[in-house]
There are 2 protein chains.
Amino acid sequence: MARPEDPTARERILDAAHPLFYERGIRAVGMAEVVAAAGTGKQALYRHFPGKDELVLAYLERFAELLDASTARTLDGLEGADGLRALIRLVERRVGARGYAGCPFRNYLREMRDPRDRPGRFALRQVRALRRLVERYAAEAGVADPGALAEEVWLIVEGVYAGAPYPERRAMAAAAVGRVDALLI
Amino acid sequence: MARPEDPTARERILDAAHPLFYERGIRAVGMAEVVAAAGTGKQALYRHFPGKDELVLAYLERFAELLDASTARTLDGLEGADGLRALIRLVERRVGARGYAGCPFRNYLREMRDPRDRPGRFALRQVRALRRLVERYAAEAGVADPGALAEEVWLIVEGVYAGAPYPERRAMAAAAVGRVDALLI
DNA sequence: TCCATGACGGACCGATCGGTCCGAAATATG
DNA sequence: CATATTTCGGACCGATCGGTCCGTCATGGA
């Protein structure tokens with residue numbers, strides 16, 4: 001080979017695509033811009049990713065790994081009401097972080113109006129995995145109607161994510177923590 | 001004139017555009033498709049609307065008139081806690097309706113990732129008008145912290161709208177009614 | 001030193017979209 | 001019937017995007 005094969009090329013591309021896709025949206029960012037930001041050639045990008053869908057899927061998957069790991073760390077060992085309390089605080093912390101631009105999976109689903117492509121199916125799976133987590137904790141919480149509790153907590157979680165783009169997102173997240181705590185008294 | 005001026009042409013175009021834009025989204029529907037559905041010519045469309053943005057704005061404005069009128073009818077004469085209770089039930093009724101595809105203003109804002117164009121500003125104004133209504137009712141409700149009550153109700157409203165695309169939207173809306181009622185006991 | 005390998009950057013292609021223009025048809029007027 | 005005017009449908013234009021292709025150049029081994 002003329003140049004040493006760069007095993008980090010794929011990661012470099014994803015590193016470059018990540019902030020572009022997250023901050024400006026998938027549709028607004030063209031492949032040319034990703035290439036320019038990655039400092040690589042178009043050929044290299046299309047060798048690692050057959051098309052834009054695959055690049056978007058990889059972006060979402062890497063995002064999911066990060067979020068899932070952080071979620072697992074935060075909720076480790078918790079169950080029932082404690083799990084729900086910790087979960088809503090985790091969501092609050094995320095939404096309140098500087099530069100937060102919404103849940104990437106919900107962003108993709110809304111930007112594309114319920115896509116059935118692979119990135120869309122993956123994003124939907126991520127959302128529903130969080131919902132199942134809420135249902136599991138609700139089932140362990142020892143309340144009379146776990147299904148109703150899960151529905152109420154989920155409603156609040158969705159409300160926080162929906163409010164993430166607005167200036168009052170921190171107030172909404174704080175209200176969410178208060179509501180979940182009140183539910184679990 | 002060769003043919004009689006059709007005063008309803010503008011309405012016919014909007015009638016045709018409405019279900020297309022609402023069910024499939026703004027980006028996914030091209031002007032050619034609107035023309036075909038309206039049964040008119042492209043010239044006629046561009047005579048009534050200088051560009052797609054103006055057509056979209058007119059679509060949102062007409063939608064807003066419909067929703068605002070229905071809202072005013074439903075909430076007529078109510079105030080304070082009664083207003084909030086009636087409002088969340090109105091949202092529940094809307095989200096539960098057959099063929100409901102989400103709040104058109106939130107749909108536009110998400111599909112376009114916070115647009116600053118005229119349709120985007122109008123959509124944001126509609127959303128914030130509903131929020132101000134919640135704040136007004138909360139202020140009249142005679143609670144210790146009206147701001148916190150408004151935040152909590154708003155969180156629930158946003159949660160219902162965010163859950164509108166999911167199959168469990170009716171359960172979420174029902175949970176929302178229960179939560180607001182519980183807040184106001 | 002020379003050459004083979006492969007990456008880089010950009011030109012290029014086809015499709016799509018918003019928006020404009022033009023020929024044809026249809027109608028009102030003399 | 002003839003003509004002027006207006007409308008309709010579609011061809012057309014320019015821009016943009018995803019994706020491919022190619023000329024050039026850097027690099028490392030024989």
Side-chain angles (χ1 to χ4, degrees), chain A residues 1-18 20-60 107-108 111-113 115-120, chain B residues 1-18 20-60 107-108 111-113 115-120:
Chain A
M1 302 181 194
R3 287 188 184 178
E5 175 67 25
D6 187 356
T8 70
R10 182 187 163 97
E11 290 306 310
R12 284 221 329 277
I13 293 169
L14 283 175
D15 286 341
H18 184 106
L20 294 174
F21 282 160
Y22 183 59
E23 289 161 22
R24 309 222 326 264
I26 308 296
R27 301 191 84 123
V29 176
M31 295 295 265
E33 197 171 354
V34 173
V35 164
T40 177
K42 260 194 170 187
Q43 303 255 28
L45 193 159
Y46 279 98
R47 189 153 358 102
H48 288 285
F49 305 98
K52 189 174 185 178
D53 269 13
E54 284 78 9
L55 175 62
V56 171
L57 178 61
Y59 152 72
L60 291 178
N107 285 353
Y108 184 78
E111 196 179 349
M112 303 298 185
R113 296 273 307 207
R116 299 183 191 284
D117 50 24
R118 293 194 63 210
Chain B
M1 302 184 194
R3 289 188 182 178
E5 175 66 25
D6 186 356
T8 69
R10 182 188 162 98
E11 289 306 310
R12 284 220 329 278
I13 293 168
L14 283 174
D15 286 341
H18 183 106
L20 295 174
F21 282 160
Y22 184 58
E23 289 161 21
R24 311 222 323 266
I26 308 295
R27 301 191 85 123
V29 175
M31 295 296 265
E33 197 171 353
V34 174
V35 164
T40 177
K42 261 194 169 185
Q43 302 256 30
L45 193 159
Y46 279 99
R47 188 148 2 103
H48 287 284
F49 305 97
K52 189 175 186 179
D53 268 13
E54 284 78 9
L55 175 62
V56 171
L57 178 61
Y59 152 72
L60 291 178
N107 285 353
Y108 184 77
E111 196 178 349
M112 303 299 185
R113 295 274 308 208
R116 300 183 190 283
D117 50 25
R118 293 195 62 211

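The sequence lines fix the lettering, A, B, ..., with proteins before strands; numbering per chain opens at 1.
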Self-check item: Residues that A:Y59 engages under ring pair (Phe, Tyr, Trp, His ring centres under 6.0 Å), provided they are two or more places apart
Solution: A:H18, A:F21, A:F63

Quiz prompt | Between D:dG10 (P) and B:E33 (CD): distance, integer Å | solution = 15 Å

Self-check item: Those residues that, when tested against A:E54, pass salt bridge (charged side-chain N to carboxylate O under 4.0 Å, His left out) (two or more places apart)
Solution: none

Quiz prompt | Nucleotide C:dG19, atom C1' - distance to CG of B:D53 in whole Å | solution = 13 Å

Quiz item: Could you give the CD-to-P distance, from A:Q43 to D:dA26, as a whole number of Å?
Solution: 18 Å

Practice problem: Answer yes or no: does a side-chain N or O of A:T40 lie under 4.0 Å from OP1 or OP2 of C:dA7? | Solution: no

Quiz item: Which residues pass the side chain to side chain contact (heavy atoms under 4.5 Å, CB included) test with A:D53, sequence neighbours left out?
Solution: A:D117, A:P119

Could you pull out the protein-nucleic contacts involving nucleotides 15-18 of chain D (nitrogen or oxygen on both sides, under 3.5 Å)?
{"from": "D:dG18", "atom 1": "OP1", "to": "A:K52", "atom 2": "NZ", "distance (Å)": "2.5"}
{"from": "D:dG18", "atom 1": "OP2", "to": "A:M31", "atom 2": "N", "distance (Å)": "3.0"}

Practice problem: Kindly write out the residues that satisfy side chain to side chain contact (heavy atoms under 4.5 Å, CB included) with B:E33, not counting sequence neighbours, or none if the list is empty. | Solution: B:L20, B:R24, B:V29

Exercise. Find the distance A:L45:CG to D:dC21:C1' and express it as a whole number of Å.
Key: 16 Å

Practice problem: Verify, without hydrogens or angle tests, whether B:E111 (side chain) and B:I26 (backbone) share a donor-acceptor contact under 3.5 angstrom. | Solution: yes

Quiz item: Which residues satisfy the side chain to side chain contact (heavy atoms under 4.5 Å, CB included) test with B:K42, sequence neighbours excluded?
Solution: B:V35

